[in-house]
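Remarks on the structure that follows.
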Amino acid sequence: MNYDFNHPLDRLHTNCYKVDAKAYYNIPEDVLSLWVADMDFATAPCVQEAIVKRTSHPIYGYTFIPDAYYDAIIHWMHSRHNWLIQKDWIVPTPNILCGMYMALQTFLSKGDKVIIQKPVYNNFETAILNSGCVPVNNALLYKEGTYTINFEDLEEKLKDPEVKAFILCNPHNPVGRVWTKKELTQLGKLCVQYNVLILSDEIHHDLIYSHAQHTSMGNLSPEILNHLIVCTSPSKTFNLSGISSANFIIANPSIRKQFTAKLNCLSLHNLSPLAIDSLIAAYTKGAEWVDALISYLETNRNHAINFIKKELPLLKVTPCEGTYLLWMDMSALPYSQDELMTFLSQKAKLWLNAGTTYDSDHTGFVRLNFAVPRAVLEKALNQLKAAFDA
């Protein structure tokens, strides 16, 4: 079946945060929005059909989660990620951030420390601080346009008895790394050695490109699995961020019992009927669409990287092994971060994410979302080049 990712969809006046928030942020209307991490593509036809079918029934009352929901997740994790999980490991949550807050507040006390790896998704640090805990940065090493884990620094920080948890981003947002099985195993063994809980955010796990392979932290060893919460959701893969749902996979029965009790205490254990039906459709009928999506995104990624290397040699881009987010190093330009963002919005007419959002030390970096129709991406790149040429 052919899927048309080239067809532009007007998202104006749909309360779309990516587009309709321009006025709130004082962004001109003619600026292209390539910032928020959702796609400008319609979701899979099977998901659309499931949602339309459910909304055609005029009652949207209390809903229980059927076995088909859990079966769909088990099927997807096995068929796409070669990880065989059990039904009772799956704990539905409203979204991944909500679940992370619950985990931090369940297993940590105020003042406990949590390791993150900057530059990283900024809401990790927000969740840690809002939970009364202390973020500790195991900064990623940046060399020759790519990022690696500083294992020596990581072990030194894990030795601190006040460190109780580690938040992993795999694939990594914003730098686009897909951590190798070797890297993940070394990281997992260190966390087991120092008895540190791992929260592995794998929300982008389906969006992997050629020459990279996603390995779930849950698929490494029984010892690592026992210290682990794997956070998943169909939202990035199927562009369903507005239909909140996530699933935390927790094999350790003690950890799962405590986490579930916290969710139940706050009545956060239910999902909407649309979240349930869209996941079942996505994970049972959406594989072919995802394959087509990845192929389209990879072509977009390659086009953007090749264009920048040829036309904008002052800029550096990371390889982007996964996600649909291109991490660009513009630090060769004589701009502060604010000046750079002003240049991009006023001269290049592009709304991107500032690098300092993810790490204050990454002045001069930006994140570009290339999950857009190719004509939009080409327009954005040409506007960027014209701004530089001028």
Is the closest side-chain donor-acceptor distance between Asn130 and Tyr101 under 3.5 Å?
-> yes
State the CD1-CG distance between Ile250 and Asn247, to the nearest 0.5 angstrom.
-> 10.5 Å
Do Leu129 and Leu199 sit in the same hydrophobic cluster, where Ile, Leu, Val, Met, Phe, Trp and Tyr count as joined when their side-chain heavy atoms come under 4.5 Å apart?
-> no
Is it true that Tyr283 and Trp289 have ring centroids separated by less than 6.0 Å?
-> no
If only atom types and distance count, is the side chain of His227 paired as donor or acceptor with the main-chain N or O of Glu223 below 3.5 Å?
-> yes
Just by modelled atom types, is the Asp153 backbone N or O under 3.5 Å from a matching donor or acceptor in the Asn150 side chain?
-> yes
Quick check: does any side chain N or O of Ser278 sit under 3.5 Å from a backbone N or O of Ile276, one acting as donor and the other as acceptor?
-> no
Measure the acute angle between the ring planes of Phe5 and Tyr3, then classify it against the limits of 30° and 60° as parallel, tilted or perpendicular.
-> tilted
Looking only at side chains, do Asn170 and Glu202 share a donor and an acceptor under 3.5 Å apart?
-> no
Any side-chain donor-acceptor pair under 3.5 Å between Asp206 and His214?
-> no
Is there a side-chain contact between Asn270 and Tyr62 (heavy atoms, below 4.5 Å)?
-> no
To the nearest 0.5 Å, what is the distance between SG (Cys320) and CZ (Phe370)?
-> 4.0 Å
Do side-chain atoms of Lys22 reach the backbone of Glu29 as a donor and acceptor pair under 3.5 angstrom?
-> yes
Pick from Leu344, Leu34, Val31: which one makes a side-chain contact (heavy atoms from CB on, under 4.5 Å) with Trp351?
-> Val31
With distance as the sole criterion, is a donor-acceptor pair present between the side chains of Arg301 and Tyr209 under 3.5 Å?
-> no
Identify whether the distance between the nearest side-chain nitrogen and carboxylate oxygen of Asp277 and Lys53 falls below 4.0 Å.
-> no
N-O pairing of Asp40 and Lys18 below 4.0 Å = yes
Counting heavy atoms not belonging to Lys159, are there more than 12 under 6.0 Å from its NZ?
-> yes
List the steps and the verdict of salt bridge (Lys or Arg N to Asp or Glu O under 4.0 Å) for Lys285 and Glu49.
-> CA-CA 11 Å; Lys285 302 176 182 177; Glu49 291 165 7; 5.9 Å; no
Tyr17: what forms a ring-ring contact (aromatic ring centres under 6.0 Å, His included) with it, not counting sequence neighbours?
-> Trp35
Six-ring centre of Tyr296, Arg374 cation under 6.0 angstrom, axis tolerance 45° = yes
Could you check if a side-chain atom of Leu207 sits within less than 4.5 angstrom of a side-chain atom of Pro171, using non-hydrogen atoms only?
-> no
Output the distance between atom CD1 (Ile305) and atom CD1 (Ile308), rounded to the nearest 0.5 Å.
-> 7.5 Å
Exceeds 12 heavy-atom contacts within 6.0 angstrom, atom NZ of Lys379 | no
Have Tyr194 and Glu155 got a donor and an acceptor in their side chains that come within less than 3.5 Å?
-> yes
Charged N to carboxylate O below 4.0 Å: is that the case for Arg177 and Glu183?
-> yes
Spacing of CG belonging to Asn82 relative to OG belonging to Ser216, to within rounding of 0.5 Å = 11.0 Å
Going hydrophobic residue to hydrophobic residue with side-chain gaps under 4.5 angstrom, can you get from Met39 over to Val372?
-> yes
For Tyr324 and Asn300, test the side chains for any donor-to-acceptor distance below 3.5 angstrom and give the result as yes or no.
-> no
Which heavy atom in Val120 sits nearest to a heavy atom in Pro174, and how many Å separate them?
-> CA-CD, 3.8 Å
Nearest heavy-atom approach of Phe248 to Asn95 is CE1-O, 4.4 Å
Should Arg80 and Asp291 count as an ion pair when the cut-off is N to O under 4.0 Å?
-> yes
Student check: side-chain heavy atoms of Phe388 and Glu311 closer than 4.5 Å | no
Do Gln337 side-chain atoms and Phe365 backbone N/O form a donor-acceptor pair below 3.5 Å?
-> yes
Regarding Asp88 and Tyr70, is there a side-chain donor-to-acceptor distance under 3.5 Å anywhere?
-> no
Does the side-chain contact (heavy atoms from CB on, under 4.5 Å) test come out yes or no for Ile249 and Trp83, once each step is laid out?
-> CA-CA 11 Å; Ile249 304 172; Trp83 183 24; 3.7 Å; yes
Supply the atom-to-atom distance His172 NE2 to Asp201 CG, rounded to the nearest 0.5 angstrom.
-> 10.0 Å
Hey, quick one: are Val136 and Val196 part of the same hydrophobic cluster, counting side-chain heavy atoms closer than 4.5 Å, chains of contacts allowed?
-> yes
Output yes when a side-chain donor or acceptor of Lys164 lies under 3.5 Å from a complementary backbone atom of Pro161, and no otherwise.
-> yes
Start with the C-alpha gap between Ile115 and Ile167, add the side-chain angles, then the distance that decides, and say whether side-chain contact (heavy atoms from CB on, under 4.5 Å) holds.
-> CA-CA 6 Å; Ile115 295 177; Ile167 300 180; over 6 Å; no
Tyr335 (side chain) donor-acceptor with Ala332 (main chain) under 3.5 angstrom | no
Path from Ile116 to Ile198 over hydrophobic side-chain contacts below 4.5 Å = no
NZ (Lys118) with more than 12 external heavy atoms under 6.0 Å | yes
Please answer whether the main-chain N or O of Asp338 pairs with a side-chain N or O of Thr342 as donor and acceptor at a distance below 3.5 Å.
-> yes
Cluster link Leu274 to Tyr60, ILVMFWY, side chain under 4.5 Å | no
Would Asp38 and Asn239 count as having a side-chain donor-acceptor pair, cut-off 3.5 Å?
-> no
What distance do Met77 atom CE and Ile73 atom CD1 have between them, rounded to the nearest 0.5 Å?
-> 9.0 Å
Might you confirm whether atom CD of Glu339 has over 12 heavy atoms from other residues, nucleotides or ligands at distances under 6.0 Å?
-> yes
Examine distances only and state if a side-chain atom of Asn306 and a backbone atom of Asn302 form a donor-acceptor pair shorter than 3.5 Å.
-> yes
Would you find more than 12 non-hydrogen atoms of other residues, nucleotides or ligands less than 6.0 Å from Asn15 atom CG?
-> no
So, for Thr323 and His204, which heavy atoms are closest and what is the spacing to 0.1 Å?
-> CG2-CG, 3.6 Å
Val134 vs Val114 side-chain heavy atoms within contact, under 4.5 Å = no
Is the closest side-chain donor-acceptor distance between Trp327 and Tyr358 under 3.5 Å?
-> no
Consider only side-chain N and O atoms of Ser331 and Asp329, and report whether a donor and an acceptor are under 3.5 Å apart.
-> yes
Donor-acceptor under 3.5 Å (Asp20 side chain, His13 main chain) = yes
